[in-house]
S.K.: 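Below is a structure I'd like to ask you about.
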Amino acid sequence: MGKTFGLFTFAYGAARAVRNGLTVSLFATAAFAAPVTVAALGDSLTAGYGLMQGEGFVPQMQAWLDEQGAEVTLLNAGVSGDTTAGGLSRVDWTLTPDVDGVLVALGGNDYLRGLDPAVSRGNLDQILTKLDAADVPAILVGLQAGTNYGADYALEFNGMYDALAQSYDLPLYPDWFTGLRSVDLQAYLQDDGIHPNAAGVKLIVADMGPAVLDFVNSLTAD
């Protein structure tokens with residue numbers, strides 16, 4: 001935080017003192033509230049598949065963060081169809097010098113394809129290792145699988161996010177779709193029954209937003 005300036009006693013030169021004090025205060029605020037850049041590394045859910053410009057996850061989350069007064073730029077590093085392996089293959093060039101943090105949201109396509117959770121976990125592990133080596137903080141966004149491939153599969157898949165978050169001491173938002181769990185899904189999904197529509201994204205952002213804001217604030221405090 002910036003310095004807290006005491007009250008000025010108005011006497012000779014008081015106006016100058018006030019003006020100078022305000023200048024220093026504004027300079028300190030700007031210095032301590034430097035904007036940060038966060039890359040959202042994900043798949044079609046991050047990329048905004050099937051949505052108009054401004055309706056996807058990244059622009060809606062950016063707008064939500066702006067409303068909270070957060071000094072952050074959120075970059076869309078989502079690629080439709082990407083698995084955890086795809087995310088791993090492009091994490092190096094996602095880490096441009098201006099990136100201060102990464103939101104890692106991968107695994108949905110691994111689940112849809114029934115890939116071995118051990119493989120998915122290994123890819124996420126390597127992504128987080130690269131981020132750790134680059135000294136770039138991350139927040140991990142999980143996805144809760146159903147029992148399509150059996151209870152054991154779901155247990156292993158769902159558990160990998162918590163295990164990785166604990167291993168790397170990262171903040172975890174456990175389930176991308178938490179904001180839609182208590183509503184009529186049909187009204188908030190696109191015709192494919194998988195991707196959220198604009199209204200669905202809004203609910204997702206409203207629920208996930210505080211966790212992302214806490215992460216952003218942790219970056220500005222460093």
S.K.: Locate the shortest heavy-atom distance separating Ala211 from Tyr173; write the atom from each residue and the value.
M.R.: CB-CD1, 4.1 Å
S.K.: Test of understanding: with side chain to side chain contact (heavy atoms under 4.5 Å, CB included), list the residues that count as partners of Lys202, not counting sequence neighbours.
M.R.: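 Listed in chain order: Gln60.
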S.K.: Is a donor on one side and an acceptor on the other found under 3.5 Å between the side chain of Glu71 and the backbone of Val36?
M.R.: no
S.K.: What salt bridge (charged side-chain N to carboxylate O under 4.0 Å, His left out) pairs are there with at least one residue in residues 162-185, not counting sequence neighbours?
M.R.: Asp175-Arg181
S.K.: Quick one: ring-ring contact (aromatic ring centres under 6.0 Å, His included) partners of Phe157, sequence neighbours excluded?
M.R.: Tyr111, Tyr161
S.K.: With no hydrogens and no angle check, do the side chains of Thr84 and Asp110 hold a donor and an acceptor under 3.5 Å apart?
M.R.: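 The criterion, which ignores hydrogens and geometry beyond distance, is satisfied for Asp110 and Thr84.
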S.K.: Grouping I, L, V, M, F, W and Y whenever their side-chain heavy atoms are under 4.5 Å apart, do Val79 and Leu124 come out in a common cluster?
M.R.: no
S.K.: Work out which heavy atom in Pro171 is nearest to a heavy atom in Ala138; give both atom names and the distance.
M.R.: CD-O, 3.3 Å
S.K.: Apply side-chain contact (heavy atoms from CB on, under 4.5 Å) to the pair Phe215 and Val38, showing each step before the final yes or no.
M.R.: CA-CA 10 Å; Phe215 175 63; Val38 173; 4.2 Å; yes
S.K.: Rounded to the nearest 0.5 Å, how far apart are CD of Gln68 and CG of Asn217?
M.R.: 10.0 Å
S.K.: Shortest non-hydrogen contact from Leu131 to Val104?
M.R.: CD1-CG2, 3.8 Å
S.K.: Run the side chain to side chain contact (heavy atoms under 4.5 Å, CB included) test against Leu155 and tell me which residues pass, sequence neighbours left out.
M.R.: none
S.K.: Answer yes or no: is there a donor N or O on one side and an acceptor on the other, between the side chain of Asn109 and the main chain of Asp82, under 3.5 Å?
M.R.: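 Yes, Asn109 side chain to Asp82 backbone: donor-acceptor pair under 3.5 Å.
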S.K.: Any chance CG of Asp191 has more than 12 other-residue heavy atoms, nucleotides or ligands included, within less than 6.0 Å?
M.R.: no
S.K.: What verdict does the side-chain contact (heavy atoms from CB on, under 4.5 Å) test give for Val99 and Val102, after you've listed the backbone C-alpha separation in whole Å, the side-chain angles of each residue and the deciding distance to 0.1 Å?
M.R.: CA-CA 8 Å; Val99 171; Val102 176; 4.0 Å; yes
S.K.: Partners of Asp92 by side chain to side chain donor-acceptor pair (under 3.5 Å), sequence neighbours excluded?
M.R.: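 Lys130.
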S.K.: Using only atom types and a distance under 3.5 Å, with no angle test, would you say the side chain of Asn158 pairs donor to acceptor with the backbone of Ala145?
M.R.: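 Side chain of Asn158 to backbone of Ala145: a pair is present.
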S.K.: For Ala134, enumerate each residue passing the side chain to side chain contact (heavy atoms under 4.5 Å, CB included) test, keeping only those at least two apart in sequence or located in another chain.
M.R.: Leu95, Val136
S.K.: Would you say the side-chain atoms of Gln190 pair up with the backbone N or O of Asn197, donor to acceptor, closer than 3.5 Å?
M.R.: no
S.K.: Taking everything shown except Tyr49 itself, do over 12 heavy atoms lie less than 6.0 Å from its OH?
M.R.: no
S.K.: Output yes when a side-chain donor or acceptor of Arg121 lies under 3.5 Å from a complementary backbone atom of Leu164, and no otherwise.
M.R.: no
S.K.: For the atom pair OG (Ser120) and CG (Asp125), what is the distance rounded to the nearest 0.5 Å?
M.R.: 12.0 Å
S.K.: What pairs of donor and acceptor atoms, side-chain ones from residues 112-119 against any protein atom, are under 3.5 angstrom apart with sequence neighbours left out?
M.R.:
unit_1	atom_1	unit_2	atom_2	d
Arg113	NH2	Gly81	O	3.3
Asp116	OD1	Ala118	N	2.9

S.K.: In Å, rounded to the nearest 0.5 Å, how long is the span from CG of Leu75 to OG1 of Thr96?
M.R.: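 Here the interatomic distance stands at 6.5 Å.
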S.K.: To the nearest 0.5 Å, what is the distance between CG on Asn123 and OG1 on Thr83?
M.R.: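 So the gap between those two atoms works out to 6.5 Å.
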S.K.: Under the 3.5 angstrom rule, does the side chain of Asp132 hit a backbone N or O of Leu128 as a donor-acceptor pair?
M.R.: no
S.K.: Ignoring hydrogens, what is the shortest heavy-atom contact between Leu45 and Pro196? Give both atom names and the distance.
M.R.: CD2-CD, 3.6 Å
S.K.: Which atom names give the shortest non-hydrogen contact between Ala39 and Thr94, and what distance separates them?
M.R.: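 That closest heavy-atom pairing would be CB-CG2, 3.9 Å.
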S.K.: For Thr147 and Tyr153: C-alpha separation, side-chain torsions, deciding distance, then whether side-chain contact (heavy atoms from CB on, under 4.5 Å) applies.
M.R.: CA-CA 7 Å; Thr147 57; Tyr153 182 98; over 6 Å; no
S.K.: My understanding is that only one of Leu106, Leu41, Val58 makes a side chain to side chain contact (heavy atoms under 4.5 Å, CB included) with Thr46; could you say which?
M.R.: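 Of Leu106, Leu41, Val58, side chain to side chain contact (heavy atoms under 4.5 Å, CB included) with Thr46 is met by Val58 alone.
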S.K.: Report the residues that fulfil side chain to side chain contact (heavy atoms under 4.5 Å, CB included) with Ser182, sequence neighbours left out, ordered by chain and then residue number.
M.R.: none
S.K.: Can you give me the closest heavy-atom contact between Leu189 and Leu180, atom names plus distance?
M.R.: CD2-CD1, 4.3 Å
S.K.: What salt bridge (charged side-chain N to carboxylate O under 4.0 Å, His left out) pairs are there with at least one residue in residues 35-61, not counting sequence neighbours?
M.R.: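 For residues 35-61: none.
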S.K.: Can you measure from CD1 (Ile194) to CZ (Phe177) and round to the nearest 0.5 angstrom?
M.R.: 8.5 Å
S.K.: Run Phe57 and Trp176 through ring-ring contact (aromatic ring centres under 6.0 Å, His included) and show every step you take.
M.R.: CA-CA 11 Å; Phe57 171 78; Trp176 178 281; 4.6 Å; yes
S.K.: Applying side-chain contact (heavy atoms from CB on, under 4.5 Å), run through Val212 and Met61 and close with a yes or a no.
M.R.: CA-CA 9 Å; Val212 177; Met61 180 62 79; 3.8 Å; yes
S.K.: In chain order, what residues pass the side chain to side chain donor-acceptor pair (under 3.5 Å) check against Ser167, with sequence neighbours excluded?
M.R.: none
S.K.: For Ser44, give me all partners under side chain to side chain donor-acceptor pair (under 3.5 Å), at least two apart in sequence or on another chain.
M.R.: His195
S.K.: Please list, chain by chain and in numerical order, all residues satisfying side chain to side chain donor-acceptor pair (under 3.5 Å) with Asn76, sequence neighbours excluded.
M.R.: none
S.K.: Can you check whether Ile139 reaches Leu170 side chain to side chain, under 4.5 Å on heavy atoms?
M.R.: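 In short, these two side chains do not touch, never coming nearer than 4.5 Å.
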S.K.: CG of Leu203 to CE of Met208: how many Å apart, nearest 0.5 Å?
M.R.: 12.0 Å
S.K.: Using side-chain heavy atoms (C-beta onward) and a distance below 4.5 Å, is Trp64 in contact with Pro210?
M.R.: yes
